[in-house]
There are 2 protein chains.
Amino acid sequence: MADVTIQHVAKAAGVSPSTVSNLLNGRAHLMLPETRQRVEQAIEELGYQPNRSARNLRTGRTRTIGLVVPSVGNPFWGTFARYVESAALAEGYNVLLCNSERDPNREQRYIEELWSDGIRGLVLCSSLPSLDHVSALMKRGLQMVAFDRTAQIGDPDTLVSISIDNTVGSELATTHLTGLGHQRLAFVSGALGSVNRKDRFRGFAAALERAGLPSEGTLWPGAAEQRFGDVESAELGRQAARELLSADEPPTGIVAINDMCALGVCRGVRDAGLEVAKDVSVVGFDDIVLADLYDPPLTTVRQPMQDMAAMAISELKARVEDSGTSHGRSLLLRPELIVRESTAPPRADR
Amino acid sequence: MADVTIQHVAKAAGVSPSTVSNLLNGRAHLMLPETRQRVEQAIEELGYQPNRSARNLRTGRTRTIGLVVPSVGNPFWGTFARYVESAALAEGYNVLLCNSERDPNREQRYIEELWSDGIRGLVLCSSLPSLDHVSALMKRGLQMVAFDRTAQIGDPDTLVSISIDNTVGSELATTHLTGLGHQRLAFVSGALGSVNRKDRFRGFAAALERAGLPSEGTLWPGAAEQRFGDVESAELGRQAARELLSADEPPTGIVAINDMCALGVCRGVRDAGLEVAKDVSVVGFDDIVLADLYDPPLTTVRQPMQDMAAMAISELKARVEDSGTSHGRSLLLRPELIVRESTAPPRADR
DNA sequence: TTCGTTCACTGTAACGTTGCAGTGACAGTA
DNA sequence: TACTGTCACTGCAACGTTACAGTGAACGAA
């Protein structure tokens with residue numbers, strides 16, 4: 001119960017707290033080897049762990065960065081969180097992981113809590129188009145990397161954006177379908193609230209245009225007003241597929257906003273008594289682990305997650321440690337189309 | 001950059017820091033309404049956020065609990081983390097989420113870091129059979145709930161264990177298969193290192209015995225020495241299915257250690273040119289979101305996650321706040337078999 | 001008038017750590 | 001012998017907050 005403090009260690013080793021502190025902070029050369037050994041032994045025997053609150057208070061620094069994701073219930077974010085954590089650990093940082101559940105209030109509350117915990121570096125995976133709710137803290141010195149969100153006009157000056165080029169990714173996916181000969185395509189998504197969702201639709205429309213196809217009416221209207229979380233997006237895809245496939249001239253190719261949604265679409269295709277690939281081609285986005293395990297394995301657009309996580313951490317580390325007048329920048333990585341078995345040429349009779 | 005402290009607020013409002021502190025700590029009745037308003041306005045205008053390190057240092061309390069999971073890359077843990085977080089938030093607590101990656105050193109390191117952050121309540125989802133590495137901290141007052149791990153002989157006195165009855169769950173799954181008429185069953189798992197994996201195999205064997213079937217040779221030997229992480233367990237299932245189904249007398253029913261593994265098994269079944277349910281029945285464990293989305297939807301054993309998360313938090317809260325001489329206990333919840341379409345009677349000709 | 005009480009606020013001493021500015025002992029130099 | 005330097009260590013003040021004890025003004029009662 002009674003915590004072991006640096007004083008207890010000092011007394012046990014017969015030195016002053018300062019000496020213990022010196023040892024703890026890499027100044028072991030300031031003492032005799034035998035003193036050092038006595039102190040180390042005392043630390044060991046008492047099981048002393050420095051009180052981090054006191055240390056943070058005193059030094060003003062923290063070896064912790066914050067990570068805010070929409071939901072770890074989504075394997076995409078879960079996987080990303082692991083990469084970020086590994087990258088941070090390798091740089092000597094800890095990660096504090098928070099779930100915003102795509103709720104702006106919760107997101108803001110978490111960020112303020114991280115700030116008051118002394119955290120000055122943050123990786124934010126926000127669904128929100130505007131960053132107004134954090135710009136005040138950024139002015140005070142919060143360093144931030146926005147992930148999976150391309151830079152916007154009104155963004156804070158020092159913001160770093162790391163993202164794939166969503167427009168290109170979506171074009172890649174869509175062009176794959178048009179290249180296979182599909183003429184009637186649909187885009188399935190929840191409300192296009194976030195920047196990258198808009199970009200993905202833009203890429204989809206651009207690819208259609210390039211193939212000489214109309215883009216009107218290709219956006220599934222079912223979710224326009226709804227707010228689907230990540231877990232529910234599969235259910236949304238299922239519903240969308242059922243509705244789309246019961247139309248007079250159903251689409252033969254469907255581009256989904258992400259893999260969870262695409263898996264739902266595949267399920268909906270089956271619900272409608274059809275077969276994925278043979279009757280309807282489906283493309284996802286993200287390349288989550290399950291994309292390759294699904295039946296049929298999902299054609300999808302892969303994000304280089306590990307690289308992106310490493311970049312996020314190294315940007316943050318540099319900024320938190322230097323705190324020079326580092327300006328914002330934007331890193332757009334190229335996505336990669338992974339062709340598996342959920343896409344095929346359209347059937348001749350459809 | 002320059003942080004706003006309670007002193008700045010006090011000066012701006014023309015009061016002492018004590019008065020600001022009183023307002024902050026729910027003692028607003030100690031001041032005039034007009035004073036209160038002045039202070040509130042100053043807080044608002046300066047954007048003051050109390051420094052949590054200082055507060056923790058001073059009070060010795062923390063409104064944060066720790067959550068250590070094997071890997072948020074696994075949707076099972078991701079989902080659980082969300083439930084824990086929601087339950088904690090509802091009780092006024094924050095959650096600090098850590099990934100052990102099933103690495104004992106990393107797990108211990110995280111727990112010690114949580115302790116030195118002033119955290120005194122922890123939900124541990126450990127894969128390790130022994131809790132020796134945390135018992136020292138528990139003696140000093142760390143309150144801990146072990147999740148998904150049944151109580152063991154050598155456990156610390158104050159430990160709370162919350163788990164489903166894994167043996168019963170596995171019996172439920174296996175009896176479902178024998179009830180359908182399956183005679184040749186296999187159990188697919190990575191190394192049976194953890195308590196609950198052993199229990200699940202025990203339940204599997206017990207069900208076989210009850211059905212008058214031999215249990216020798218039913219444990220897939222492929223992973224005995226390997227250490228598979230959660231993400232890789234799907235790959236393991238795939239490999240297991242391929243190997244098992246190429247035998248002379250292949251099993252007609254497979255019980256997998258968890259859903260990710262079961263999904264891998266399904267994929268392996270297809271790799272072998274067979275069909276899930278029709279040729280080989282597959283049962284999983286956990287009922288992750290994807291179980292219902294898979295094709296075919298997976299028959300699996302469901303854990304009442306939300307209830308378990310709420311119980312974990314309320315136990316922890318009571319213990320952290322009272323810190324009376326609360327003794328350990330063990331809560332075993334009953335799992336539920338969810339029958340979907342990955343199981344069917346064996347084919348007559350096999 | 002004097003005493004006591006209430007009220008609205010403030011002063012102060014911690015909490016555990018850090019890192020600079022000492023301090024005294026001792027050795028080496030002039 | 002006196003001075004200078006190095007060495008090994010220590011004293012002290014601060015970081016921002018909290019909560020208890022304390023203060024002085026205003027008012028009511030005897």
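Chain naming here is simple, since letters A, B, ... match the order of the sequence lines and numbering starts at 1 in each. The model shown is predicted, which means the values in this text are computed figures rather than measured ones.
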Take A/N51 and A/T5, measure what side-chain contact (heavy atoms from CB on, under 4.5 Å) needs, and give me the verdict at the end. CA-CA 8 Å; A/N51 178 317; A/T5 73; over 6 Å; no
Rounded to the nearest Å, what distance is computed from the CZ atom of residue B/R27 to the P atom of nucleotide D/dT17? 14 Å
Donor-acceptor pair, side chain of A/R61 and main chain of A/N56, under 3.5 angstrom: no
Is there a donor-acceptor pair under 3.5 Å between the side chain of A/R149 and the backbone N or O of A/S126? no
Looking at C/dC9, C/dT17, D/dG11, which one has an atom nearest to any side-chain atom of A/S18? D/dG11
Among the candidates D/dT10, D/dT17, C/dG16, find the nucleotide nearest to the side-chain atoms of A/T19. D/dT10
Check B/E321 with B/R63, please: is the shortest side-chain N to carboxylate O separation under 4.0 Å? yes
Within a 6.0 Å radius of atom CZ on A/R27, are there more than 12 heavy atoms belonging to other residues, nucleotides or ligands? yes
Length of the line joining B/K11:NZ and D/dG16:P, which is rounded to integer Å: 13 Å
Can you tell me which nucleotide in D/dT10, D/dT17, C/dG11 comes closest to the side chain of B/P50? D/dT17
Out of D/dT17, D/dG11, C/dG16, which nucleotide sits closest to the side chain of A/L57? C/dG16
Rounded to the nearest angstrom, tell me the gap between atom CD in A/E34 and atom C1' in D/dA8. 11 Å
The nucleotide from C/dT10, D/dT17, C/dG16 with an atom nearest the side chain of B/Q7 is D/dT17
Report, one pair per line, the protein and nucleotides 6-8 of chain C atoms (nitrogen or oxygen only) whose separation is under 3.5 Å.
none

Candidates C/dT10, C/dT17, D/dG16 - which lies nearest the side chain of B/V15: C/dT10
Does a distance-only test, which skips hydrogens and angles, find a donor-acceptor pair under 3.5 Å between the side chain of B/S53 and the base of D/dG16? no
Where the side chain of B/T59 is concerned, which of C/dT17, D/dG16, D/dA19 is the nearest nucleotide? D/dA19
Backbone N or O of A/P17 within a donor-acceptor pair of the A/S21 side chain at under 3.5 Å? no
Could you check which of C/dG16, D/dT17, C/dT10 has an atom nearest any side-chain atom of B/N22? C/dT10
Would you mind classifying the nucleic acid contact of B/R61 as base, sugar-phosphate or nothing, using non-hydrogen atoms under 4.0 angstrom? sugar-phosphate
Donor-acceptor contact present, side-chain A/R120 to main-chain A/T62, <3.5 Å: no
By nearest atom, which of the nucleotides C/dG19, D/dA19, C/dT17 is closest to the B/N25 side chain? D/dA19
